[in-house]
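Predicted model, so just to flag it, every value in this text is computed and none were measured. Note: hydrogens, waters and symmetry copies are ignored here, and every other heavy atom, side chains too, is used.
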Amino acid sequence: MRTSVVGRTGPTNSSDADGGPLVGRDRDLARLRELMAGHRLVSVTGLAGVGKSRLGRAGMGTGPWQRVVCVRWKGQGTAVPGGLGRRVLAELAGEAPVSRSADVFDVAADLPPLTTLLVLDDVDPVHLECVGLVQRLLMALPTLRVLVTCRRPLGVGEERVFRLAPLDCGAPRDTERPSSAAELFVDRARAVMEDFRPGQADLEVVEQVCSVLEGVPLAIELAAQQLSVSSLADLPELVLGNQCRLTGSGRTVPRHRSLRAAVRADYVLCEEKERAVWRRASVLLGPFTEEAAAFVCAGGGVAPDQVPFCVARLLSSGVLERLDEPGAGVRMPRYRMRRAARDFGFELLTEANEFPVAAERRLIHCRRTAAVAENLWSTGCQRQAVELAQERYADLQAAISHALAQREHVEWAVESMVSLWFWWMVYGRAEEGRQALLDLLSLPPADSSARREGWWLAAWMCAESDPERAGRLLARAWRAAVLAGDDATIGRIAYVHGVLALRHHDPDEAAAHFQQAADTIPPDAPGGPSPAVSLAALAVAQIRSAPDDARHSARRALTHPSVRTDAWATMLARHAQALLDHHNGYPGRAARRARRALEALDSTLPVPDGTTALRELIRDAGEQSGRPRRGSLLPLPRGQASPPKRTDRP
């Protein structure tokens with residue numbers, strides 16, 4: 001493909017026809033100038049549209065150099081070999097003639113001894129040629145300094161790399177000043193609407209748009225241009241749908257006229273295997289590891305052991321973002337595809353008819369991940385289990401939606417949801433999961449272990465909003481569990497019956513069910529609440545009618561073998577003890593127990609069910625009421641009714 005380059009000698013300013021002045025880059029510009037003053041070769045790298053060229057032009061305006069020569073490649077695709085070298089030598093020589101066979105050292109001998117800054121702008125299509133050329137130039141011209149803008153570093157020994165990050169998104173909470181990304185949006189919006197004066201509500205929308213666009217300046221500028229044809233209120237929906245639809249006018253560089261063109265320029269420069277990994281990895285909405293990428297992306301000419309190299313290449317060009325700092329513990333590095341790159345890759349994935357296979361592998365990956373998370377939960381690594389579920393939640397939602405839409409691999413989707421029972425029930429997401437699980441269970445086949453476990457979980461999810469449906473689901477689950485001899489499911493069915501009994505204000509019946517659950521569920525059975533949880537619930541159900549039995553049940557919960565690896569069960573058992581103390585007229589001791597239970601929680605994780613009731617108990621104790629406040633006293637779905645409140649003091 002033909003290349004087109006332009007040369008320019010002399011200083012330039014920080015604005016051009018493709019936008020306007022730099023916004024939010026003061027620190028970056030100062031850092032770049034510092035690097036350029038102290039080193040002969042500096043490369044500004046970053047993803048497409050992040051503003052490398054604009055920052056480079058601003059940085060070359062001041063410095064110890066006496067002459068500035070700028071060479072920029074324009075066009076798309078790969079370049080003709082040798083084109084960059086001939087053009088650079090011609091620009092350095094100025095008016096002196098340069099033969100086609102001239103070498104760097106021949107031209108250097110005729111140049112005046114001036115301190116020269118050579119700017120090689122946007123050289124990705126001629127990356128390999130640029131590496132050799134820069135090495136020879138630095139050896140031949142001792143007074144030469146080179147500034148390069150490209151997506152990937154050159155890899156030359158004395159190179160100093162300045163990785164240009166997107167603009168900051170989201171205004172700090174301790175100041176009313178908008179983020180640098182929002183400032184850029186407002187500045188470019190005023191070029192479209194001179195009277196654009198956003199209020200506080202408008203700035204919140206702007207911050208939301210910039211956050212979705214991940215602070216990429218080109219994307220923000222194109223979004224601001226949409227105000228000529230659309231309202232500010234419509235922008236969030238537009239950028240959430242598909243960022244590649246953003247377009248603009250009045251730009252000299254063709255690939256800057258749309259975000260799709262800018263991302264496509266990256267895609268064209270990738271090798272075929274990298275393109276395949278890019279397309280297939282776009283089906284993953286959340287963070288992923290190299291292992292996950294190899295499972296989802298391998299095949300069709302891409303071997304599993306080739307995927308990590310492709311991931312590294314996509315990371316170096318900004319298509320992927322690494323979420324872990326190198327050397328941060330023993331955790332495997334995680335990656336995330338930037339949103340615009342994912343939108344573009346998903347388009348190509350569909351066009352290549354590769355989406356069905358990629359979606360199936362995503363579901364298998366989610367199923368495996370859910371099983372790992374459940375194993376972590378049941379073996380005492382509950383923090384890691386919640387973090388894993390939180391990271392993969394977006395992929396799980398997409399996988400479940402695809403299984404429902406296509407009516408295929410339903411059992412895998414049900415297994416995934418059951419394995420993550422703690423994510424739905426302990427962390428208050430029953431409303432989000434209930435309808436999806438019910439829809440999955442309505443599809444054939446009817447008899448399987450996954451369905452059996454899915455029915456009791458769906459019943460638990462329905463206990464508050466639709467108790468009659470919960471009862472019907474429990475009946476189906478009980479018949480299947482008895483025929484299969486599944487003690488764990490039988491015990492968990494009894495647990496949900498206890499939840500329903502409490503809803504109907506029958507603590508005695510609830511206590512009988514919780515006792516059955518505690519006696520039936522094996523201590524090490526995965527896939528649901530442990531026996532210690534049932535014992536803690538039993539203690540709460542017994543507080544009114546049998547306080548001594550309640551104290552005994554709470555102690556049993558805290559000494560049960562399953563509680564050693566179950567922090568949630570421990571919190572519930574301590575909650576039961578605090579309630580009992582409060583009931584017996586010891587509010588101070590109850591408050592201390594409740595505080596210790598809260599202090600043991602991990603503040604970096606979502607708030608588990610039961611936390612609100614503990615805080616209410618502390619408040620009641622502070623008021624010296626002597627009576628437990630009505631609230632979520634048990635491990636029920638959030639908002640579930642609690643046992644009736646006592647009206648008499650002990």
Legend entry - Enclosure of R336 CZ (heavy-atom neighbours >12, cutoff 6.0 Å): yes
Inset, instruction - Answer whether the closest heavy-atom distance between the side chains of C169 and E214 falls below 4.5 Å. - result: no
Legend entry - Between D581 and Q577: side-chain donor-acceptor atoms closer than 3.5 Å: no
Inset, instruction - Tell me yes or no: between the side chains of E290 and Y335, is some donor less than 3.5 Å from an acceptor? - result: yes
Inset, instruction - Report, as yes or no, whether the 6.0 Å neighbourhood of atom CH2 on W412 holds more than 12 heavy atoms from other residues, nucleotides or ligands. - result: yes
Inset, instruction - Inspect the surroundings of CD in E432 and state if more than 12 heavy atoms from other residues, nucleotides or ligands are less than 6.0 Å away. - result: yes
Inset, instruction - Decide yes or no for V426 and W377: does some side-chain heavy atom of the first lie under 4.5 Å from some side-chain heavy atom of the second? - result: yes
Legend entry - R451 side chain near L441 side chain, heavy-atom distance below 4.5 Å: yes
Legend entry - Parallel, tilted or perpendicular: rings of Y427 and W423 (30°, 60°): tilted
Legend entry - Sidechain-backbone polar pair: R503 side chain, E464 backbone, donor-acceptor under 3.5 Å: yes
Legend entry - Carboxylate-amine/guanidinium contact E453 R492, below 4.0 Å: no
Inset, instruction - Flag yes if more than 12 heavy atoms outside H409 fall under 6.0 Å of its NE2 atom; otherwise flag no. - result: yes
Inset, instruction - Look at atom CZ of F295 and say whether more than 12 heavy atoms of other residues, nucleotides or ligands are closer to it than 6.0 Å. - result: yes
Inset, instruction - List for me each residue that meets salt bridge (charged side-chain N to carboxylate O under 4.0 Å, His left out) alongside D486, sequence neighbours excluded, and say none if there are none. - result: R452
Legend entry - Sub-6.0 Å ring centroid separation between W460 and Y495: yes
Inset, instruction - Report the relative orientation of the aromatic rings in W424 and Y393; use parallel for angles under 30°, tilted for 30 to 60°, perpendicular for over 60°. - result: perpendicular
Show which side-chain atoms of residues 524-538 pair as donor or acceptor with protein atoms under 3.5 Å away, not counting sequence neighbours.
| from | atom 1 | to | atom 2 | distance (Å) |
| --- | --- | --- | --- | --- |
| S530 | OG | D566 | OD2 | 2.9 |

Inset, instruction - Output yes when R551 and D548 qualify as a salt bridge under the 4.0 Å nitrogen-oxygen rule, no when they do not. - result: yes
Inset, instruction - For the residue pair L376 and V372, establish whether any side-chain heavy-atom pair is separated by less than 4.5 Å. - result: yes
Inset, instruction - Grab the two heavy atoms, one from Q382 and one from A567, that are nearest each other, plus how far apart they are. - result: OE1-N, 3.2 Å
Legend entry - Carboxylate-amine/guanidinium contact R595 E599, below 4.0 Å: no
Inset, instruction - May I ask you to test the L474-H497 pair for a side-chain heavy-atom distance under 4.5 Å? - result: yes
Inset, instruction - Using a strict 4.0 Å threshold on nitrogen-to-oxygen distance, state whether E354 and R279 make a salt bridge. - result: yes
Inset, instruction - Could you tell me which non-hydrogen atom of V205 sits nearest to which non-hydrogen atom of L232, and how far apart they are? - result: CG1-O, 3.6 Å
Legend entry - Considering all heavy atoms, the nearest A481-T489 contact: CB-CG2, 3.9 Å
